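For clarity, every value in this text was computed on a predicted model and none was experimentally measured. A, B, ... follow the sequence lines: proteins, then strands. Residue 1 opens every chain.
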Protein chains: 2
Amino acid sequence: MVSTMLTTAGFHVLLALAGEPAHGYAIMRFVEQVSGGAVKLGPGTLYRTISRLLADGLVEETEEGDPAAPHDARRRYYRLTQAGEAAARAEAELMARMVTAAREAGLVT
Amino acid sequence: MVSTMLTTAGFHVLLALAGEPAHGYAIMRFVEQVSGGAVKLGPGTLYRTISRLLADGLVEETEEGDPAAPHDARRRYYRLTQAGEAAARAEAELMARMVTAAREAGLVT
DNA sequence: CTTGGTTATATCCAAGTCGGATATAACCAC
DNA sequence: GTGGTTATATCCGACTTGGATATAACCAAG
């Protein structure tokens, strides 16, 4: 489609990271939870999407996230870059526009 | 991703048809206009998406649309089916949820 | 009427993306 | 130390996309 450089999966991941850094598995659960179970990222899509976002400079790896959580050597934490935040914001604004259009068409109340 | 059976392109087309029946080219312009130029459907994506929506029973062809417009033999008009309207509504509600989450994360104002 | 730009639909291909399966292993409670 | 959950990684076949190409109806200008 032209628009942003984001796929739907990419946007969901960025949105999950907008609040605070997180590791892959936490992103997966966040996406499922915030969508009310409607959106589920399988491991393939999840980790493939993360590497794409890394390569595109929208996300970066960070040393350790939540200091309250017990250390787990397997986890890899990610956070948004400035470019990632900008891309997520642009996409969210586009979505808000779509929701408005849907409302005007009487699709949703 | 799991969620609905809709691709992003599919949703844009359904949204364009939510107001009133339209033909392919009009859908294309609607999508571009309502997104402020951010989303452009090329002919490949447009007509392929329409045939998929037809096959899935979300859209149906209708004899002629706008009676005010001059007749043009090339045009093929489409309108939402009930299933299509339901799918579009479900997707719009999911999007509204995402926009809310983006707001809570401070991504958009 | 014919020429040229726009509108309109349709199909093809290479490239990109996805879902789900499979693999591996650290973690933790019992 | 065993078993279920958490966690990351990669592979494959299937599906989707972007952009090019093709074809032709429409219509205004000359």
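In this structure the side chain of B:Arg52 reaches within 4.5 angstrom of the side chain of B:Thr7, judged on heavy atoms. The side-chain heavy atoms of B:Leu17 and B:Leu53, taken from C-beta on, include no pair separated by under 4.5 Å. Under the 4.5 Å side-chain criterion, counting only non-hydrogen atoms from C-beta, B:Leu94 is in contact with A:Val39. At least one side-chain heavy atom of B:Val59 sits under 4.5 Å from a side-chain heavy atom of B:Leu14. Here the side chains of B:Val34 and A:Met98 are in contact, with some heavy-atom distance below 4.5 Å.
We find that CG of B:Leu41 is positioned 13 Å from P of C:dT9, with the value rounded to whole Å. In this structure, A:Leu53 atom CG and C:dT17 atom P are separated by 10 Å, rounded to whole Å. Atoms OH (A:Tyr77) and P (D:dT8) sit 8 Å apart, rounded to a whole Å. Rounded to a whole Å, the NE2 atom of A:His23 is 6 Å from the P atom of D:dT8. A straight line from CD of B:Glu61 to C1' of C:dT9 spans 11 Å, rounded to a whole angstrom. In this structure, A:Asp56 places its CG atom 12 Å from P of C:dG16, rounding to the nearest Å. Atom pair B:Arg75:CZ and C:dT6:C1' shows a separation of 12 Å (rounding to whole Å applied). The distance from atom CZ of B:Arg48 to atom P of D:dT17 is 7 Å, rounded to the nearest whole Å.
Using a 4.0 Å cut-off on heavy atoms, none of the residues of residues 24-34 of chain A approach DNA chain C.
Residue A:Arg76 is classed as a sugar-phosphate contact, given heavy-atom separations below 4.0 Å to backbone atoms only. Within 4.0 Å (heavy atoms only), B:Arg52 reaches sugar-phosphate atoms of the nucleic acid but no base atom.
Comparing D:dA9, C:dC18, D:dA7 by their nearest atom to the side chain of A:Pro43 picks out D:dA9. Here the side chain of B:Asp72 is nearest to one of D:dA7, C:dA8, D:dT17, namely C:dA8.
Side-chain nitrogen and oxygen atoms of B:Thr7 include none within less than 4.0 Å of the OP1 or OP2 phosphate oxygen of D:dC15. Regarding contacts with the backbone of C:dA10, every side-chain N or O of B:Tyr47 stays at 4.0 angstrom or more from both OP1 and OP2.
Environment of CD in B:Glu20: sparse, with no more than 12 heavy atoms of neighbouring residues, nucleotides or ligands closer than 6.0 Å.
The existence of a salt bridge linking A:Arg89 and A:Glu85 is confirmed by a sub-4.0 Å separation between a basic side-chain nitrogen and an acidic carboxylate oxygen.
Ranked by how close their nearest DNA chain C nucleotide is to the 5' end, A:Arg74 and B:Leu46 are led by B:Leu46.
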